[in-house]
Structures are given as C-alpha cells and as structure tokens.
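In what follows, a single structure is set out as structure tokens and then discussed.
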Protein chains: 2
Amino acid sequence: MTPTTRQECAALDAADPLAPLRDEFVLPAGVVYLDGNSLGALPRSTPGRVADMIEREWGQDLIRSWNDAGWWDKPRTLGAKVAPLVGAGPDEVVVGDGTSANLFKCIVAALGLSDRSVVLGEAGNFPTDLYVAEGAASLAGAVQRRVDPDGPGLERELAAGDAAVLLLSHVDYRTGTLRDMPGITRLAHEHGTLVVWDLCHSVGAVPVELSASGADFAVGCTYKYLNAGPGAPAFLYAARRHHASASQPLSGWHGHARPFDFTGEYEPAPGISRFLSGSQPLVADAALEASLDVWAKADLALVRAKSLAMTDLFLARAAEVGITSVTPAEHARRGSQVALIEPEEGAGYAIVRALIARGVIGDFRAPDVMRFGFTPLYLRHTDVWDATEALHEVVRTGEWRDERFARRDQVT
Amino acid sequence: MTPTTRQECAALDAADPLAPLRDEFVLPAGVVYLDGNSLGALPRSTPGRVADMIEREWGQDLIRSWNDAGWWDKPRTLGAKVAPLVGAGPDEVVVGDGTSANLFKCIVAALGLSDRSVVLGEAGNFPTDLYVAEGAASLAGAVQRRVDPDGPGLERELAAGDAAVLLLSHVDYRTGTLRDMPGITRLAHEHGTLVVWDLCHSVGAVPVELSASGADFAVGCTYKYLNAGPGAPAFLYAARRHHASASQPLSGWHGHARPFDFTGEYEPAPGISRFLSGSQPLVADAALEASLDVWAKADLALVRAKSLAMTDLFLARAAEVGITSVTPAEHARRGSQVALIEPEEGAGYAIVRALIARGVIGDFRAPDVMRFGFTPLYLRHTDVWDATEALHEVVRTGEWRDERFARRDQVT
C-alpha cells in the first residue's frame, strides 16, 4: 500500500531493514537528494580509505604498493566485488577506464566475433553510447542502425539477420524504463546477434542478472547508484565463453598475458584481463573500494522492494498535481528513477531549479525531462514524501515561474 | 664539476635554488627514492586537496560541483596547467583517460589525416606503445613497422614515403636516451609523416618543446615525474593546426560540440575538447591538480641542470665499481634516469633487490636493466651520493648474491 500521509511514511522508515545503511553516508543538511542516479552520495568510510591509500600506500610505501597493496590486481579484485551486483562470475568483470572506452572495446570485440557488420543501436540511448558506437563501427568497417528497443521494431530489425551486435541500455537514462534483459538477450541470440548491455542506470538500482540472462558483454559506471565518486572508474563484463576468442583494440600492456616480460609482441591474457589497457587511477579505485564495501552489506532484493515503494509514492504524488510521468507504471518495466514532463515551454527546467532552491535535488535532461532518482541505501520514505510536498508547492503556487529559475547557466 | 665526496655534495645542496621544494613532498624516513621515474613521490598538499574535493565538493555540494567546482572543465583547466611543462598552448592539451587510450586516439587521428597506411613504431619502445599501435593500426586498416629511432634506419624508413605517422618515446623507458624532438619531427615532416610523441618519461624530467618542435600529437602520463599518484590521468596534446580536421574514434559525449543538447548525432567540438571521451575520475584529478601546483613553482631550466648534475654523479660512481651504463654520456641525449647493466645472469634483478633492502629504491626492467630515476624537486645531491655508496657496498661485498634477493616475487 502506497502511503498517503507523512506519518505512514515514517512508519515505513521505522520498519525498514535498510534504514541502518543510511548512517554509512554523509548527506548535507537540509537536502533531499534525488540525483543519486547521476552522482551517488559520499560513503562515510571513503575519506578515510582514500587518505590511507594516499598517505600510507603511496606516500610511505611508494612503488612497493604495486605488489604489497595489491595495486596491480585492483582491476580484477574490484571487478570481483562488482560481480555480485550484476549477476556475474568474479572472473568475468574488470574495473578500469571510462564507460566510453569500455563500450568501444565491447563493440569492437563483438564485431570481431561476428561475420556481420551492423551495430544495432538504441534510438534515444544516452548520447555517448550512440556516439561511441558510431566511432567504433566506422573504424571497424561496420555501420550503426538504430531501433526503438521498447517497440515491435526490435524483433523486425533483428530478423533482418545482419546485426552483429545489439547495444542497449538496461534502464533508459531519461524515462527510467527497465528492459527485459533475459528476453531481449534470448531474442537477439535467436537471430545470431550478440548483446552489449549498458548498466550505467541499472547497477545498484535494480537486480541485474548478466550470467542468467546469457548476456555477452556489458559496461557500467560506478559513480551513480554505486557511490564511488564523480567520474569513478567504469567496469566491463565479458561472458566467460568469449574470453578466449574476443579481442579488443585498446591493447595496452595490462591486457598482456605476461606484462612483465616486456616483449614486443602483444599476446592477450587468457581471461578477462585481456580487456584491460593501461594503469588505472588508484586514488579513485580506493574510493570505489570503500563504496563497494558498503554495497556488500546490502540485500539487493530489499533494495529493489524499497526502490519500487519509493517510486510508487513519488509517481502517485506527482499525479496528484497533474504532472505527466513518462516512467512505466508497471514494476517489471521500471528502474529506480522517475521522469516527469510538464509540456509548457521551459517549465521542466524551471521546476527542477525551483525544487533545488528548496533543497530537493533532481536534474533536467534536454529537451524536457525532469529526472528524480531513488537510492534506497540512503533515502527514507519520509524524504520522498517531503520532496513531493515541495513539488506540490512549487507547482500549485506557480513559484517556478520566477525568472531566477529560467536562467540556463548550469551545465547539469 | 662532478663532486667526488659527500661533503662536496652537501655544498651543492646548500647552494641549490630548488632545495626548498623538497619540503613540498612527503618522503619516507630512511629511503633514497630513485624510482620517481616510475611513481613520483607524494606532494605534501595532496591529501588535503583530495580530502577537500571529497568531503566538500562531492560530499556536501554533490551534483552542483559539476558547475560550481569546475568539474566539467577539469580536462581543459588541468590541460592548461600541463601545457607550460610541455611547451604547448593552454588550448592544445587536455587531461583524461590513460596513456594507452590517448595513444590510440592520436594514432587513429594521425592515420585519418594521411592517405598512407603505415604506423612507424619504435623497436624497443615501452610495450604498451607497440601493442596499442598494433591494435589501432589493425583496426584502421594500417600496419605497424618498427625502426630503431637512434640509428640510421630512421631516415631510410621515412624516405620510403609510406609512413603516415611516426610514434616515438621522447625518452626511452629503459636506457633513458633522449631523442632530438625538433630534429626528428622536422625530418618526419620532410617525408610527409606526422609525429606522435610519447612524453611519459620526459615530462617533468627534461624541457619539452612541442610547439617549437612542430610536433603533431603527444601523450604523457602524470604519475611519474609529475607526482600525481599511481595511475593518475594522462594527457593528450594536439597541435592547434589539427584541431579542425583531426577526428578520433573514442567519440564520447565530452568531445561533442554541444554535449548538453543530448542530440543523437555526434558533432566534434571545434577545439582540443574533441579528443575527450567520457567523465573523468575527479578524485584523481584533485591529486593531479595539487601536484601541478607544485610544478608551477619550479624553474624548468634549474630542474634540467640539477638532473644532469645528479645523473653525472651517479654514472661516475657506477663506473667506479665497473658497472656498465647504457645511458648516453652526452647530455643532449640523456633524460633524467640512468640504466645500468650487470651481465651476469640474474645480477641486475638481485642488485636492485639488495639496494631496496638498504632503502635505495630503483627498479628492474626485463631482461637486464637496472633503472634509477632522478627527480630534482625532491632529491638532494647527498641522496645520490648515499645511493652510490650503497651500490658500491652491494657490488663490492657480493651482498646481492644472497638468495633472498634472487626470488622473483615482485611484479615491479
């Protein structure tokens, strides 16, 4: 039952088994933070962990930490900590580089495993996915074609039989639509197409089952729901069955079978390490490790249930003031964010700015989407209630029409 | 005059105008650190700078820091701080990604500017350069051929007239040989070949004059002489004249002309930003910024003079115990490191381990090179003297033959 009063929300908070995890985070006073789908909040343990890495591992132990502090293996040990969050084996995930570079690696690797030359991209995907697919396809002598993954066109495009690889976001970055990973992966495979999943908006937001879904490749970032800090290193998943045969072109020495032989010829490592390139920013890795250690305490089923309860509440309360949602009502098709649209020109941007002025932080994505992310590790049901109270005020009073909320001087 | 006693070294230290900069660094007690060419020492300001970025910019200001703390522009503002260290304009350098990814971008960009299809690589270059050149060339329908850049073969290979791009390290990672950047660049251009310089072992070690040399592209890391921390973000230089015409395939949204329009079509930014891909690890960027602010206080001519004095001393003292150097004696051909070779099987590795046991930290590079790096910002002439005293002891007494120094259990 979706609560209808703040008191009911408080009762849900009191009974929430995830509630103690909120204390693991630093949250600024007076803020309801609904932008954890863009930049996650700071775990309380992160500053200390990073300081130790800098002052002891780097400052005192210096170069010896490549061995003694496990720096050399961080892409793999951190990958193994990401693995349970995405339903993968510990030897199927590595951490390193950014999402864009990892997308590039996966697309080129998938093209190399196929004798076809079409990359099926997603119309409306996060731009970097489209741009990188374009760059990778063009360099590899392939072409990108786009499809609406939520419509009947997907099956038709796959049936054309020319797609080497399908690149989809598991959760749409604007609408929050969750895709059926097992179903779409199966369909693609039936038509001889490999699948690369972009998990940026789903990892830590919804259960992800890469292995059980038969996914081929996946990438994801760690700075949204995983709370590893702005621009934190991304991860890459490759199904074990592709390790021996897949190759990727950013073939730096960390991907070599015997990197410390310093031989002149590249020989890819036998396992997931072949997807690595060069040295990774260990200071940023330390922040990621702290955040993954918080995630290790979270029951993902509880996270999912709380996320749905919070988005149900937010959607119901937004409807009360007549604001349209483009986020699916159906639980099975919803991620952990809500996207609202107010059709009047400039309204969406101004409403988001007016909410921020009241301490309710969401964001705006051109051309017209107001985005609100729900992060069960550190948000309370009462926070969601308070945010909707602010939304009601801003909309009912026309507060957002104040000219100071119209200025487009913010990049995000 | 190269000093011949510790007392003379102490006199040099007393007169050293760079001496105050040593206090800007944290250095472990009892250590002479000659591995700053692999991992630079920790600047004293770094922990505080990183803590402020994490606790205030991320923890308190959260998503707003993309605007208010200048996160979005860090690749450019940090690039402008690297620029004076490499003789480039502030709008010709961006910081981000790793060296391998940046090499890939530069090689593909250079191939795209040429109608030729050979990448001329350097036999004996750091392996990642060779491996990435292989990966890039192969994907772009080109081939890599290798040449010894220090022999007469270079001119012959260029004269063949089929090389689109020449990829060279400015300083050789093993021998420390410094290449003639203006001369080689001119020669390559005369033969219609573009040049990509790898500055990993020269930035902060020797004066670098990219613009004055007419260089086309360059990459470099920031975790060696620049002291930005293990695996810190790399940088990329592209000469202004190539900005409008060069394109690179890791075409993420940070390289777009109008990234916040979220359009589906990629349009590269007009300037250096087109070489960017995705979001960068801001925690690591904070450490880089702290280290670059130390570098802003250093006179590069003084750094070079002190570096040569220190390598002169180390070479002279190594010769006294009969150890062979493969580092050029000629100043114009020497970087800021010394490479020694002891031909007996296993001796090089064991001598390095024995020196480390005495607190003198250098490193070993297969198959037989003992490397010692000299970092004028935080090393004293007396440190160099003390290191050579240890070298004398280890070699004269045969201490390195102890079996505990033979075990190859260390990755670096």
Side-chain angles (χ1 to χ4, degrees), chain A residues 26 28 33 35 38-39 42 46-47 50-51 54-55 58-60 62-63 66-67 71-72 97-101 104 108 127-128 130-132 134-136 139-140 229-233 249-253 260-262 264 266 277-284 287 361 363 365-366 410-412, chain B residues 26 28 33 35 38-39 42 46-47 50-51 54-55 58-60 62-63 66-67 71-72 97-101 104 108 127-128 130-132 134-136 139-140 229-233 249-253 260-262 264 266 277-284 287 361 363 365-366 410-412:
Chain A
V26 173
Y33 191 60
D35 217 357
S38 183
L39 173 66
L42 171 63
T46 300
V50 171
I54 291 179
E55 297 181 38
W58 171 16
Q60 291 302 312
L62 287 160
I63 196 76
W66 279 105
N67 302 298
W71 287 355
W72 182 260
D97 297 330
T99 310
S100 298
F104 188 88
V108 174
T128 234
L130 299 171
Y131 305 158
V132 169
E134 202 69 47
L139 194 60
L250 292 170
S251 41
W253 71 305
F260 287 95
D261 282 5
F262 294 95
Y266 185 70
S277 301
S279 296
Q280 292 302 312
L282 273 303
V283 176
I361 303 182
D363 67 20
R365 282 295 173 257
Q410 304 285 305
V411 294
T412 57
Chain B
V26 173
Y33 190 60
D35 216 357
S38 183
L39 173 66
L42 171 63
T46 300
V50 172
I54 291 179
E55 297 181 39
W58 170 18
Q60 292 301 313
L62 286 161
I63 197 76
W66 280 106
N67 302 298
W71 286 356
W72 182 261
D97 297 332
T99 310
S100 297
F104 188 89
V108 174
T128 233
L130 299 171
Y131 304 159
V132 169
E134 201 68 48
L139 195 60
L250 292 171
S251 41
W253 71 304
F260 286 95
D261 282 4
F262 293 95
Y266 185 69
S277 301
S279 297
Q280 291 302 312
L282 273 303
V283 176
I361 303 182
D363 68 20
R365 284 292 175 256
Q410 303 285 304
V411 294
T412 57

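To find a chain, count down the sequence lines: A is the first, B the second, and so on, and within it residues start at 1. Note: hydrogens, waters and symmetry copies are ignored here, and every other heavy atom, side chains too, is used.
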What residue, out of [options], has the most heavy-atom pairs lying under 4.5 Å from chain A?
options                               : result
B/Gly229, B/Gly98, B/Ala140           : B/Gly229
B/Ala232, B/Ala101, B/Ser100          : B/Ser100
B/Ser279, B/Ala284, B/Pro281          : B/Pro281
B/Ser38, B/Ala136, B/Gly264, B/Gly278 : B/Gly264

>> Applying side-chain contact (heavy atoms from CB on, under 4.5 Å) to B/Leu62 and A/Asp35, what does each step give before you reach the verdict?
In response: CA-CA 9 Å; B/Leu62 286 161; A/Asp35 217 357; over 6 Å; no
Working to the nearest 0.5 angstrom, can you tell me the gap between [X] [atom1] and [Y] [atom2]?
X        : Y        : atom1 : atom2 : value
B/Leu139 : A/Phe104 : CG    : CZ    : 5.5 Å
B/Leu250 : A/Tyr131 : CG    : OH    : 15.5 Å
A/Trp71  : B/Leu39  : CH2   : CG    : 5.0 Å

>> Is B/Asp261 in contact with chain A via its backbone, its side chain, both, or neither, using a 4.5 Å heavy-atom distance?
In response: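 Contact with chain A involves the backbone of B/Asp261 alone.
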> Under a 4.5 Å heavy-atom cut-off, does chain A meet the side chain of B/Ser277, its backbone, both or neither?
Replying inline: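 Contact with chain A is through both the backbone and side chain of B/Ser277.
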Between [X] and chain B, with a heavy-atom cut-off of 4.5 Å, which part of the residue counts as in contact: side chain, backbone, both or neither?
X        : answer
A/Gln280 : backbone
A/Ile54  : both
A/Ser251 : both
A/Val50  : side chain

> Tell me, do B/Val26 and A/Trp58 make a side-chain contact under 4.5 Å, heavy atoms counted?
Replying inline: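 Heavy-atom side-chain distance check fails, nothing below 4.5 Å.
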> Side-chain contact, heavy-atom cut-off 4.5 Å: A/Gln60 with B/Leu42?
Replying inline: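 Answer no - side chains too far apart.
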> For the residue pair A/Gly59 and B/Pro28, what are the closest heavy atoms and their distance?
Replying inline: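 Minimum heavy-atom contact is O-CD, 3.6 Å.
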>> Heavy-atom pairs under 4.5 Å with chain B: which of A/Pro230, A/Pro249, A/Gly252 has the most?
In response: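 Ranked by contacts with chain B, first place is A/Pro230.
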> Which one, A/Ala366, A/Ala51, A/Ala287, leads in non-hydrogen pairs under 4.5 Å with chain B?
Replying inline: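 Option with the top pair count is A/Ala366.
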